[in-house]
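The structure appears below as structure tokens.
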Amino acid sequence: MIIIKSRKEIEKIKSSCNIVARALEELKKMVCPGITTRELDRIAEDFIVKSGGIPAFKGYRGYPSASCISVNEEIVHGIPSGRCLKDGDIVSIDLGVLLDGYYGDAAITVAVNKIDNETRKLLEVTEKSLYKAIDIAMTGNRVSDISCTIQDYVEGAGYSVVREFVGHGIGRSLHEDPPVPNFGERGKGPRLKAGMVLAIEPMVNAGSSDLLILDNGWTAVTKDGRRSAHFEHTVAITEDGPLILSML
Ligand code: MF3
Ligand code: CO
């Protein structure tokens with residue numbers, strides 16, 4: 001069941017998202033060679049707590065940390081560790097916040113210093129696929145129009161979309177209906193209505209879409225070892241079009 005949110009509820013989700021967005025800004029500045037993903041997680045958790053929020057991922061189905069930090073071939077759900085970032089790496093940072101009963105969720109992928117052109121293109125295509133999807137996230141269109149927009153654009157650029165993880169509705173729960181896959185046929189599934197709030201999150205692999213889950217039970221990595229990027233925004237569908245709640 002897709003839960004329609006009131007204006008007031010959307011404002012609350014926006015407040016949660018605002019903490020997420022500001023934390024991501026802060027973390028982006030801290031990303032540099034030599035920093036560990038655990039140090040980044042600590043900064044994220046401190047920022048969220050100091051802002052009055054609760055880290056939404058910590059304890060979610062036993063997930064151990066405030067953030068998911070996925071480096072290079074890690075697709076999503078990288079568990080912060082002693083791994084040191086290196087020049088030329090890419091690092092995806094995914095954060096969720098609970099504030100006043102409502103969740104916000106967003107992710108970015110950032111470069112550690114200078115990255116090669118191929119990797120830069122992977123980041124550009126992934127981020128652009130998110131904004132293309134957001135552009136068509138309006139009443140009358142369907143959820144699968146979002147999915148198809150992402151898939152067409154990503155595959156047209158020569159990359160692949162991950163199937164095992166999808167975007168989602170968000171509100172009083174971190175994951176609500178509808179699922180928002182990054183693949184699918186246009187014109188299928190529920191119509192978008194004003195008051196729906198969706199976390200749209202393309203996960204894009206440079207090579208094949210096949211993945212493996214590490215022994216920690218969480219971290220998804222590409223099977224071929226090539227790189228993967230992830231961008232996510234929480235977006236409200238309104239009568240006036242899409243509203244990106246997780247943008248500053
Ligand atoms: N943005 C991801 C999602 O919506 C992150 C969830 S991490 C988890 O699924 F730890 F909370 F599972
Ligand atoms: Co999400």
Side-chain angles (χ1 to χ4, degrees), residues 2-3 5 13-14 16-21 23-24 27-28 37-38 40-42 44-45 48-49 53-71 74-81 90-99 102-110 126-127 129-131 133-134 137 143 146-147 150 161-183 196-205 211 213-221 228-237 242 244-247:
I2 303 175
I3 301 167
K5 279 84 184 177
I13 298 171
K14 190 174 176 183
S16 306
C17 286
N18 184 262
I19 298 177
V20 173
L24 288 175
L27 288 162
K28 207 166 160 179
T37 56
R38 191 179 286 125
L40 290 174
D41 180 68
R42 165 50 70 91
E45 181 161 0
I48 292 167
V49 170
I54 297 170
F57 297 167
K58 200 169 186 173
Y60 179 87
R61 299 186 182 207
Y63 187 75
S65 307
S67 60
C68 297
I69 305 189
S70 310
V71 182
E74 294 174 346
I75 301 168
V76 284
H77 303 164
I79 298 179
S81 71
I90 52 170
V91 56
S92 305
I93 307 171
D94 190 350
L95 287 183
V97 166
L98 173 63
L99 179 73
Y102 289 84
Y103 286 90
D105 187 6
I108 53 172
T109 303
V110 297
T126 308
E127 187 168 24
S129 76
L130 172 58
Y131 286 105
I134 292 170
V143 171
I146 293 174
S147 308
I150 292 169
V161 288
V162 168
R163 316 288 161 134
E164 288 84 348
F165 301 98
V166 298
H168 48 94
I170 182 167
R172 280 194 170 278
S173 304
L174 176 60
H175 296 130
E176 292 182 0
D177 278 342
V180 185
N182 298 305
F183 59 93
M196 288 183 183
V197 179
L198 306 176
I200 306 175
E201 48 179 322
M203 288 149 259
V204 175
N205 292 356
L211 61 78
I213 305 291
L214 297 185
D215 285 340
N216 64 29
W218 277 102
T219 309
V221 299
S228 185
H230 180 206
F231 285 85
E232 175 178 23
H233 270 310
T234 296
V235 180
I237 313 300
I244 306 178
L245 303 178
S246 50
M247 196 144 80

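Atoms within a ligand are numbered from 1 in the order they appear, just like the ligands themselves.
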Which heavy atom of I170 sits nearest to which heavy atom of T234, and what is that distance? CG2-CG2, 3.7 Å
Give a yes or no on this: more than 12 heavy atoms of other residues, nucleotides or ligands lie within 6.0 Å of atom NZ of K5. yes
Does the pair V162 and V76 meet the rule for a side-chain contact (heavy atoms from CB on, under 4.5 Å), with working shown? CA-CA 10 Å; V162 168; V76 284; over 6 Å; no
For R61 versus W218, what's the shortest heavy-atom pair and its separation? O-CZ2, 3.4 Å
Are the aromatic ring centres of Y60 and H175 under 6.0 angstrom apart? yes
Provide the closest heavy-atom pair for Y63 versus G78 in the form atom of the first, atom of the second, distance. OH-O, 2.9 Å
Taking only heavy atoms of the protein into account, state which residues are under 4.0 angstrom from an atom of ligand 1, in chain and number order. F57, Y60, Y63, C68, H77, D94, D105, H168, L174, H175, E201, W218, E232
Looking only at non-hydrogen atoms, find the nearest pair between P55 and A66 and report the distance. CB-CB, 3.7 Å
May I ask you to list the protein N, O or S atoms found at less than 2.8 Å from the Co ion (ligand 2)? D105 OD2, H168 NE2, E201 OE2, E232 OE2
H233 and Y131: ring-ring contact (aromatic ring centres under 6.0 Å, His included), yes or no, with the steps? CA-CA 9 Å; H233 270 310; Y131 286 105; 5.6 Å; yes
Where is the tightest heavy-atom contact between I69 and V91, given as atom of each residue plus distance? CG2-CG2, 3.4 Å
